[in-house]
Amino acid sequence: MMQHANLPAHVGIIMDGNGRWAKKRGLPRKLGHKAGAATFKDIARYANKIGLKYLTTYVFSTENWKRPKDEVDSIIELLRSYLNEMDGYAKENIRVRFIGDRSAFDDDIRAKMQRAEEKSRDATGLTLILAINYGGRAEIARAAQLLAQDVQAGKVSPEQVDEACFSSYLYTDGIPDIDLIIRTSGEFRLSNFLIWQCAYAEYVLTDVLWPDFKPATLDAALEEYGSRSRRFGGLTGGQG
Ligand code: FPP
């Protein structure tokens, strides 16, 4: 286990390449997602062990429904069985949160999400955030709608609307912005992932396919992050 100076508060991971990983082995895509889910669990545990405070992962986007039904079903089944394992997180001091539109999922899945959040509510280690049926633009439009309702109800005046006020209507209310975003499998896109919260994020891109991602791959990304000079639009270096 590596000791990290300048650990980012919040890391986002776009877990890409499950399909290619499976294809390389002549396996069906769903076995790529299965391997990806196993990697995800390992990395979440490792992130907690090294003292990371927030980790957000892109599990299922609003666009992923366009995939063949068989593949969508297999990802949802993986989610269902993973939700059944989540009771252990409270003991490991991991807090779980889900962001995205849950209304698309079956009642049992929604109930399990709520249960996992409630059971782990008091954990003080890693907050593990799963973006599921999530899209950044949809999140912003939803925030605008909730804010407009509050303005109409006289709870907020238009003059009060600033960045902090707007942020409080996002799913990530109370969670710091993303400092480091990691995308696997050699892709260079943000793909509608936390577009508001990534405004000043550093990017680390790797060719590693998500199922092959190891704790050492995360260590390397954190090292790279630690060596960057963040300026937030100013001239002098920030935290190093
Ligand atoms: C991207 O690989 C991955 C996804 C769209 C789904 C992410 C899902 C998992 C990591 C597994 C499920 C996890 C949990 C926690 C239930 P891709 O299929 O786009 O890969 P490709 O670009 O090589 O086709």
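Both ligands and their constituent atoms are indexed starting at 1 by order of listing. As the structure is a computational prediction, the values presented were derived from the model and not from experiment.
Side-chain contact of Asp179 with Tyr54: a donor-acceptor pair under 3.5 Å is absent, judged by distance alone.
Checking Lys41, Glu85, Arg20, Glu63 against atom 22 (O) of ligand 1, the nearest heavy atom belongs to Arg20. Counting only non-hydrogen atoms, the option in Glu187, Lys30, Met15, Arg67 that gets closest to atom 18 (O) of ligand 1 is Arg67. Comparing heavy-atom distances from atom 8 (C) of ligand 1 across Val59, Ile14, Leu209, Thr39 singles out Val59 as nearest.
Distances between N or O atoms of Gly17 and those of ligand 1 include at least one value under 3.5 Å. Checked by distance only, ligand 1 and Arg29 come closer than 3.5 Å through their nitrogen or oxygen atoms. Taking distance alone, with nitrogen or oxygen atoms compared against 3.5 Å, Tyr58 stays at or beyond that limit from ligand 1. Here's the thing with Tyr82: none of its N/O atoms is less than 3.5 angstrom from an N/O atom of ligand 1.
When atom types are taken as modelled, the side chain of Lys53 and the backbone of Thr124 share a donor-acceptor pair closer than 3.5 angstrom. Formation of a donor-acceptor pair under 3.5 Å by the Tyr58 side chain with backbone atoms of Ser191 is found in this model.
Residue Phe40 has at least one heavy-atom neighbour below 4.0 Å for each of these atoms of ligand 1: 15 (C). Of all the atoms in ligand 1, the ones that sit under 4.0 Å from a non-hydrogen atom of Leu79 are 16 (C). The ligand atoms of ligand 1 that sit less than 4.0 angstrom from a heavy atom of Asn64 are 5 (C). Within ligand 1, the atoms closer than 4.0 Å to a non-hydrogen atom of Leu78 are 16 (C), numbered from 1 in the order shown. Near Gly19, meaning under 4.0 Å from any of its heavy atoms, are these atoms of ligand 1: 17 (P), 18 (O), 20 (O), 21 (P), 23 (O), 24 (O).
Glu117 pairs with exactly one of Arg102, Lys112, Arg95, Arg97 by the salt bridge (Lys or Arg N to Asp or Glu O under 4.0 Å) rule, that one being Arg102. Considering Tyr169, Tyr171, Phe166 in turn, Phe166 is the only one that fulfils the ring-ring contact (aromatic ring centres under 6.0 Å, His included) rule with Trp196.
Using a cutoff of 4.0 Å between basic side-chain nitrogens and carboxylate oxygens, Lys41 and Glu85 are scored as salt-bridged. A salt bridge links Asp107 with Arg110; the closest basic N to acidic carboxylate O contact falls under 4.0 Å.
Among all non-hydrogen protein atoms, the one lying nearest atom 13 (C) of ligand 1 is Ala37 CB, 3.8 Å. For atom 9 (C) of ligand 1, the closest non-hydrogen atom of the protein is Asn18 ND2, 3.6 Å. In terms of protein heavy-atom proximity, atom 4 (C) of ligand 1 is closest to His33 CE1, 4.0 Å.
The distance from the CZ atom of Arg137 to the CD1 atom of Ile195 is 6.0 Å, given to the nearest 0.5 Å. Ile13 CD1 to Leu180 CG: the interatomic distance, rounded to the nearest 0.5 Å, is 8.0 Å. Here Asp108 contributes atom CG and Arg115 contributes atom CZ; the two are 12.5 Å apart, rounded to the nearest 0.5 Å.
Using a 4.0 Å heavy-atom cutoff, Lys23 is absent from the residues neighbouring ligand 1.
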